[in-house]
Asks: 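For reference, the structure I am asking about is given below.
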Amino acid sequence: MRWWSWAWMIAGTVVLAACGTSAGGGAAGRPSESTSPGPSSTAPTRSVSPSTPTPSESATTPSSSAGNCTAGHASVSVAPGDPVDQRLCVRPGTTVSLVLRPRADDKRWTAVHSSAPVFVQVAGWRPDPDGTARASLRCAGTRGGTAEITALAKAPDVAGAARAVFTLHVSVVPYTTQG
């Protein structure tokens with residue numbers, strides 16, 4: 001091989017190694033010490049409502065601050081008359097069950113999309129015959145960031161593309177680390 005191909009291989013290795021570490025100091029993005037406990041595999045299941053409370057949801061209302069973020073499992077239900085923009089704060093590794101109740105107009109739920117699949121990924125989608133739709137969302141395991149989850153709806157007998165009619169702003173807030 002030529003000398004420049006070895007230089008490119010070494011440069012690529014250095015870049016990949018640098019991407020695997022974070023400011024926390026640990027290898028592969030893991031902090032060397034943690035001041036707060038991480039999520040346990042037996043985390044309790046909580047039903048949370050986004051920052052705008054609605055009558056169809058029950059539980060506490062988390063704010064954007066890191067102390068009130070949900071860990072483990074969260075369940076969000078959206079019914080007709082609820083706000084079209086809602087916010088949710090979760091910890092890394094949280095799974096979110098999004099239940100979209102039947103719409104009051106003639107539109108049907110068609111799909112759910114994530115603006116940043118690296119932070120929040122749509123893991124499952126199931127429209128039911130009664131008009132209810134269910135989506136399963138998986139949050140990043142170690143990273144923190146925000147993503148917009150948009151739910152699309154469309155009248156079944158009208159041509160054209162579906163439109164975004166609901167947006168869930170999900171903030172993934174990592175656990176604090178010493179450093």
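Side chains included, hydrogens not; waters and symmetry mates left out as well; all remaining heavy atoms used.
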Asks: To the nearest 0.5 Å, how far apart are CD in Gln86 and CD1 in Ile149?
Replies: 13.0 Å

Asks: Does Val90 reach the side chain of Cys69, with side-chain heavy atoms less than 4.5 Å apart?
Replies: no

Asks: In Å and rounded to the nearest 0.5 Å, what is the OG to NE2 distance from Ser97 to His73?
Replies: 3.0 Å

Asks: Just jot down the salt bridge (charged side-chain N to carboxylate O under 4.0 Å, His left out) partners of Arg103, sequence neighbours excluded, or say none.
Replies: Asp105

Asks: Might you work through the side-chain contact (heavy atoms from CB on, under 4.5 Å) test for Thr70 and Arg91, ending with a clear yes or no?
Replies: CA-CA 6 Å; Thr70 304; Arg91 293 293 189 173; over 6 Å; no

Asks: Taking all non-hydrogen atoms of both residues into account, name the closest pair between Cys139 and Val170 and its distance.
Replies: SG-CG1, 4.5 Å

Asks: Quick one: closest heavy-atom pair of Ala140 and Val118, and the distance?
Replies: CB-O, 3.5 Å

Asks: For Pro92 versus Gly141, what's the shortest heavy-atom pair and its separation?
Replies: CB-O, 3.2 Å

Asks: Applying side-chain contact (heavy atoms from CB on, under 4.5 Å) between Leu152 and each of Arg108, His113, Lys107, report the one that passes.
Replies: His113

Asks: Do Leu100 and Val165 share a hydrophobic cluster, counting only Ile, Leu, Val, Met, Phe, Trp and Tyr and linking them when any side-chain heavy atoms are less than 4.5 Å apart?
Replies: yes

Asks: I'd like to check Val78 versus Leu98 (side-chain heavy atoms, cut-off strictly below 4.5 Å). Are they in contact?
Replies: yes

Asks: From Asp82 CG over to Ser77 OG, what is the distance, rounded to the nearest 0.5 angstrom?
Replies: 7.5 Å

Asks: How many angstroms lie between OG in Ser115 and NE2 in His169, if you round to the nearest 0.5 Å?
Replies: 9.0 Å

Asks: Search all heavy atoms of Pro174 against all heavy atoms of Gly144 and return the closest pair with its distance.
Replies: CD-CA, 3.6 Å

Asks: Which value, rounded to the nearest 0.5 Å, describes the distance between Thr150 atom OG1 and Phe166 atom CZ?
Replies: 10.0 Å

Asks: Can you get from Phe119 to Val122 by hopping between Ile, Leu, Val, Met, Phe, Trp and Tyr side chains that sit under 4.5 Å apart?
Replies: yes

Asks: Side chains of residues 125-138: which donor-acceptor partners sit under 3.5 Å, not counting sequence neighbours?
Replies:
from, atom 1, to, atom 2, distance (Å)
Trp125, NE1, Thr110, O, 3.4
Arg126, NE, Asp128, OD1, 3.1
Asp128, OD2, Arg134, NE, 3.3
Asp130, OD1, Thr132, N, 3.0
Asp130, OD1, Thr132, OG1, 3.3
Asp130, OD2, Thr132, OG1, 3.4
Arg138, NH2, Gln121, OE1, 3.3

Asks: Side chains of Val76 and Leu88: closer than 4.5 Å at any heavy-atom pair?
Replies: yes

Asks: Can you list every pair that meets salt bridge (charged side-chain N to carboxylate O under 4.0 Å, His left out) and has a residue in residues 145-162, with sequence neighbours left out?
Replies: none

